[in-house]
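Just so we're on the same page: letters track the sequence lines, and every chain starts at 1.
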There are 2 protein chains.
Amino acid sequence: MRTIELKGKDVVLIDQTRLPRELRLIKCKNAEEVARAIERMQVRGAPALAAAAAMALAVTALRSRARTKSQLLQELKRAANRVKRTRLTAVNLFVGLKRTLDAAQAAPSTERARSAVVREARRIAEEDIRVNKKIGENGARLLKSGDVVLTHCNAGALATIDYGTALGVIRAAWRKGKHISVIATETRPLLQGARLTAWELKREGIPVTVITDSMVGDCFRKRMIDSVLVGADRIAANGDTANKIGTYSIAVLAREHRVPFYVVAPTSTIDFSMRSGKEIPIEQRSAEEVAFIGRTRIVPKGVKVLNPAFDVTPARLITAIVTENGIVNPGELKSLSGR
Amino acid sequence: MRTIELKGKDVVLIDQTRLPRELRLIKCKNAEEVARAIERMQVRGAPALAAAAAMALAVTALRSRARTKSQLLQELKRAANRVKRTRLTAVNLFVGLKRTLDAAQAAPSTERARSAVVREARRIAEEDIRVNKKIGENGARLLKSGDVVLTHCNAGALATIDYGTALGVIRAAWRKGKHISVIATETRPLLQGARLTAWELKREGIPVTVITDSMVGDCFRKRMIDSVLVGADRIAANGDTANKIGTYSIAVLAREHRVPFYVVAPTSTIDFSMRSGKEIPIEQRSAEEVAFIGRTRIVPKGVKVLNPAFDVTPARLITAIVTENGIVNPGELKSLSGR
């Protein structure tokens, strides 16, 4: 089962807001519906957003009645502008849009443009799985049997098309017969760790223990953690990494306890146009996500709440970045751009 | 309004599990009912637990039909043993029991023993408020107008009889006209920060912003925090401090960002019988507190969960301990034991 897929003229995706209670698919007929699914975080995770964005354009192309290529391009650009407004931190979403738009633009005719968009969206999905498996291969050597790995949020199959990035490395090590176990932070406010990471790992049979985000320091202090693996939403040229809020705290605690801290991500997550993490735009989400749990208000009415979706971990706290092209020092990302 | 009070032959307390939705009082007729209220965390906070424990014995004495002092003492000891089994980390609970039992034992007759228990329970409550105000006086000088203070969990009026420890310092500074604002961590799993600290501060008119526990590092990194004030459940002779899970992570992050980290507690929280934090017993609470939010399961069935209620912050990360007897270096607690 894939996290998100192009089926006929629809985008079909696992509704991640309903897990682990219910595994339900939803169908999006057009870019607007895909955009809403992204906003509601029914689909999330940087690599999955690349595919979601591309597929939003693919269904636009498939259902378009445009008679000329320029009409089609106009429709695609309108759809892309809608999707661009959904979430601003994960660079992959913008890469997904650009690749599909470029493919349309390069095509010689309306029909060829239409099929180029669909082909590019499918290609992004196929590449994702291939890249994740390569990342897993590369990263698995960092783990040895008996290791306990801390992960934050969900950088798994559900954050990608399949297999995952940080969880892909764990999966690869596990499949090689290494006995890995995982500590997953619940990841407030939306609990992707408790809900999604625990669900994925349990399905795979990999032992997993859930903790609240506040327990991370205590687990390090008790020497329960051998290494940290997290995903990334955008990596600046200098190695500074934006990832789910809470990642930075974990990186500081890992350093304090001399535990290696790895960022695991496809090279498409590196944004060479940004010199440092300071330039990465950080999405602020609604106060309600923190102030309510389900329908129950937990913060008194009228009290202010912060809800940045991401924080930035400086390169100096990152032991290495694991990509499909190898494991690199965060200060040496330039070496990847040439490949 | 007091957090917990002896009224007639009952213990009346604010049900803290219902805040901020509803301010409701509950009445406990005997030690068993007080013990259950403690277990359910309807009353919590180390100083409040000293009073709750003493009041549990007071209602036992008030309702006892014992004809001899030794009968009464036996009933009181039975009640004390029940209360002892509720929560094991906060030393104050044990101090509260010991003080009331000692008072009964020292009395010359059954009737005098009965009234001695009640008097001692009331004295513990009165002392608590007096001590907290003194702590507030002492600590207020650490804060200057414009400061933003980070606090964790609830070390406020609701964790004591009234006024609070860490929040008492903030209250004292505020009442002196210093413009303080507070960032309160929500404090998973039971959300005492979001529910109780925010409620208390809002009632007092002190500006407060709630964040998830995972946002602490990001707030430090953005230089939003001038100092950290937290309470304590037990302080060992060397200054190591047990407090709500998550405190240790905050202490490491405060040190990383060179922000002072203060523990605020009455001297009765210092346990000179324990040389270091390693000896402090840590309560493990039920997995359900993490796995469910309200009635909604957030961790897949069958997945393991950790739930230590406290962690230990080593003395080296504590800038100073603020007590009613002064502000002391955590390495110099012995200076307080002589007073």
Side-chain angles (χ1 to χ4, degrees), chain A residues 19-21 152 183-189 191 194-195 198-199 201-203 207-221 244-253 255-257 290-291 293-308 310-314, chain B residues 19-21 152 183-189 191 194-195 198-199 201-203 207-221 244-253 255-257 290-291 293-308 310-314:
Chain A
L19 286 173
R21 294 195 308 288
H152 185 55
I183 295 179
T185 54
E186 63 173 7
T187 317
R188 280 277 291 148
L191 301 162
R195 297 191 300 104
W199 181 80
L201 292 173
K202 182 162 184 274
R203 270 166 77 102
V208 54
T209 300
V210 171
I211 61 172
T212 63
D213 302 300
S214 58
M215 293 173 195
V216 169
D218 194 44
C219 288
F220 274 121
R221 192 148 189 270
K244 179 54 58 196
I245 186 75
T247 303
Y248 171 63
S249 294
I250 296 172
V252 169
L253 289 160
R255 174 59 52 95
E256 168 83 5
H257 294 86
V290 174
I293 294 191
R295 282 175 191 162
T296 306
R297 175 177 275 286
I298 57 159
V299 175
K301 223 172 165 168
V303 168
K304 205 178 139 193
V305 161
L306 302 183
N307 192 15
F310 307 94
D311 58 26
V312 173
T313 298
Chain B
L19 287 172
R21 294 196 307 288
H152 185 54
I183 294 179
T185 55
E186 64 174 6
T187 317
R188 279 279 291 151
L191 301 163
R195 296 191 301 103
W199 182 79
L201 292 172
K202 182 161 184 273
R203 270 167 76 103
V208 55
T209 301
V210 172
I211 61 171
T212 64
D213 302 300
S214 58
M215 293 173 195
V216 169
D218 194 45
C219 288
F220 275 121
R221 191 148 191 271
K244 178 55 58 196
I245 186 74
T247 303
Y248 170 64
S249 295
I250 296 173
V252 169
L253 289 160
R255 174 60 51 95
E256 168 84 5
H257 295 87
V290 174
I293 293 190
R295 282 175 192 161
T296 306
R297 175 177 275 284
I298 56 160
V299 176
K301 223 171 167 171
V303 168
K304 207 178 137 193
V305 161
L306 301 184
N307 192 13
F310 307 95
D311 58 26
V312 174
T313 299

* To do: Under the side-chain contact (heavy atoms from CB on, under 4.5 Å) rule, what do B:R188 and A:E186 come out as? Steps first, then yes or no, please.
  => CA-CA 10 Å; B:R188 279 279 291 151; A:E186 63 173 7; 2.6 Å; yes
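- For the set B:A184, B:P308, B:G294, the count of heavy-atom pairs under 4.5 angstrom toward chain A peaks at B:P308.
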* Asked: Where do A:D311 and B:S214 land on the side-chain contact (heavy atoms from CB on, under 4.5 Å) test, with the steps shown first?
  -> CA-CA 10 Å; A:D311 58 26; B:S214 58; over 6 Å; no
* Evaluate the criterion side-chain contact (heavy atoms from CB on, under 4.5 Å) for residue pair A:I293 and B:I298; output intermediate values, then yes/no. => CA-CA 11 Å; A:I293 294 191; B:I298 56 160; over 6 Å; no
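- Interface residue B:T209: backbone and side-chain heavy atoms are both found under 4.5 Å from chain A.
- Between A:D218 and B:F310, the shortest heavy-atom contact is OD2-O, 4.4 Å.
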* To do: Please lay out, stage by stage, how B:V305 and A:I211 fare under the test side-chain contact (heavy atoms from CB on, under 4.5 Å).
  => CA-CA 6 Å; B:V305 161; A:I211 61 172; over 6 Å; no
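- Contact of B:R297 with chain A is made through the backbone alone, with heavy-atom distances under 4.5 Å.
- Interface check for chain B: of the options A:V312, A:V208, A:V210, A:V290, the most heavy-atom pairs under 4.5 Å are formed by A:V210.
- The parts of B:L306 that come within reach of chain A are both its backbone and its side chain, each placing non-hydrogen atoms under 4.5 angstrom from that chain.
- Of the listed residues A:T247, A:I250, A:L191, A:V303, the one with more heavy-atom pairs under 4.5 angstrom with chain B than any other is A:V303.
- Chain B forms more heavy-atom pairs under 4.5 Å with one residue of A:T212, A:I245, A:D213 than with any other, namely A:I245.
- The contact between B:P300 and chain A is made by backbone and side chain atoms together, counting heavy-atom distances below 4.5 Å.
- Chosen from A:P207, A:P189, A:G217, the residue pairing most often with chain B at heavy-atom distances under 4.5 Å is A:G217.
- Comparing B:T185, B:L253, B:L19 by how many heavy-atom pairs each has under 4.5 Å with chain A, the most go to B:L253.
- Without hydrogens or angle criteria, B:K202 side chain to A:K301 main chain gives a donor-acceptor distance under 3.5 Å.
- The OG atom of B:S249 lies 10.5 Å from the CE atom of A:M215; values are rounded to the nearest 0.5 Å.
- Chosen from B:T296, B:V216, B:T187, B:N307, the residue pairing most often with chain A at heavy-atom distances under 4.5 Å is B:N307.
- Between the B:R221 side chain and the A:T313 main chain, no donor and acceptor come within less than 3.5 Å of each other.
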